[in-house]
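Positions are given from 1, in the same order as the sequence printed here. These figures come from a predicted structure and were not determined experimentally.
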Amino acid sequence: FKDISGQFSFDPANVAASKVKVDIKTASLDTQFGPRDADLKGADWFNVTEFPDMSFVGTSFAKTGDKTGTVTGNLTLLGVTRPVTLNVTFNKAGLRPSDKKEAAGFSATATIKRTDFGMKTFVPYIGDEVSLLIESEGTR
């Protein structure tokens, strides 16, 4: 997905007070293969006409290690909202060398079942579990 916007706040001294909200425009899906993109944007998969947005809103934040934690929140996909827990690694915060802006970077992973959101095409021939890998950097 190429069209993603969001906001987050993070204080390492008070992780529980963190916030995150992300919106993804589903039509921005890009696998670098046009015919596959057209299929995935269709009604059998992401149905981008009826559901142009996918979102995630964090509801709880917990520290699990020096640079690790969890973010639990609500993922909305295909009009269905379900709780998802992300395993998060805090990569670094500081001045970004390219523009001297304050920045913070995070990596996150999770596994979801696409059928939980109503995406049932070709199950079980195509797996139900989908691994999420998120790399994010934000600036102040």
Side-chain angles (χ1 to χ4, degrees):
F1 298 95
K2 291 185 169 186
D3 190 353
I4 301 169
S5 61
Q7 303 172 359
F8 72 88
S9 64
F10 173 70
D11 178 354
N14 187 9
V15 172
S18 298
K19 295 180 181 179
V20 64
K21 182 178 181 182
V22 178
D23 182 66
I24 300 168
K25 301 298 182 191
T26 56
S28 72
L29 181 142
D30 184 1
T31 68
Q32 299 181 6
F33 183 66
R36 178 178 40 228
D37 291 350
D39 191 35
L40 289 172
K41 291 176 184 182
D44 288 337
W45 299 96
F46 284 94
N47 196 358
V48 303
T49 300
E50 188 172 346
F51 303 103
D53 295 284
M54 176 178 13
S55 66
F56 179 81
V57 178
T59 57
S60 68
F61 304 80
K63 187 174 180 175
T64 60
D66 286 343
K67 292 190 173 243
T68 60
T70 59
V71 175
T72 299
N74 292 317
L75 175 64
T76 300
L77 170 62
L78 296 172
V80 176
T81 302
R82 298 266 190 255
V84 171
T85 298
L86 303 172
N87 297 301
V88 180
T89 300
F90 170 57
N91 296 322
K92 187 175 181 177
L95 291 180
R96 193 165 51 193
S98 61
D99 59 10
K100 307 299 184 211
K101 290 184 178 181
E102 289 186 54
F106 299 87
S107 300
T109 60
T111 301
I112 63 170
K113 288 188 175 189
R114 62 190 182 95
T115 55
D116 287 347
F117 297 90
M119 190 181 290
K120 299 177 182 179
T121 303
F122 299 130
V123 171
Y125 306 106
I126 295 177
D128 189 16
E129 289 192 348
V130 177
S131 297
L132 304 178
L133 173 59
I134 303 162
E135 297 293 338
S136 180
E137 178 184 79
T139 58
R140 192 178 290 249

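- Met119 and Val130 fall within a single hydrophobic cluster, where Ile, Leu, Val, Met, Phe, Trp and Tyr side chains are chained together by heavy-atom contacts under 4.5 Å.
- In this structure, a donor-acceptor pair under 3.5 Å is present between the side chains of Ser107 and Asn91.
- The main-chain N or O of Ala104 is never found under 3.5 Å from a side-chain atom of Arg140 such that the two would form a donor-acceptor pair.
- Not counting sequence neighbours, Asp116 has no partner by the salt bridge (charged side-chain N to carboxylate O under 4.0 Å, His left out) test.
- Pairing each heavy atom of Thr26 with each of Phe1, the nearest pair is O-CE2, 3.7 Å.
- Between Trp45 and Phe122, the ring planes are tilted. Angles from 30° to 60° get that label.
- Side-chain atoms of Asp128 come within 3.5 Å of backbone N or O of Arg114 as a donor-acceptor pair.
- Ile126 and Leu29 fall within a single hydrophobic cluster, where Ile, Leu, Val, Met, Phe, Trp and Tyr side chains are chained together by heavy-atom contacts under 4.5 Å.
- If you take NZ on Lys100 and CG on Leu95, they are separated by 7.0 Å, rounding to the nearest 0.5 Å.
- The two residues Thr139 and Arg96 come nearest to each other via the heavy atoms CG2-NH2, 3.2 Å.
- For Asp37, the side chain to side chain donor-acceptor pair (under 3.5 Å) partners at least two apart in sequence or on another chain are Thr31.
- In this structure, a donor-acceptor pair under 3.5 Å is present between the side chains of Thr72 and Thr85.
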Would you check, one step at a time, whether the test side-chain contact (heavy atoms from CB on, under 4.5 Å) holds for Thr68 with Asn87?
-> CA-CA 7 Å; Thr68 60; Asn87 297 301; over 6 Å; no
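- With Phe56 as the fixed residue, the side chain to side chain contact (heavy atoms under 4.5 Å, CB included) test singles out one of Leu77, Leu86, Ile134, Leu132: Leu86.
- At a threshold of 4.0 Å, the pair Lys25-Asp23 counts as salt-bridged, since one of the basic side-chain nitrogens sits closer than that to a carboxylate oxygen.
- Going from atom OG of Ser18 over to atom CG of Asp11 covers 7.0 Å, rounded to the nearest 0.5 Å.
- The aromatic rings of Phe10 and Phe90 sit tilted, their planes meeting at an angle between 30° and 60°.
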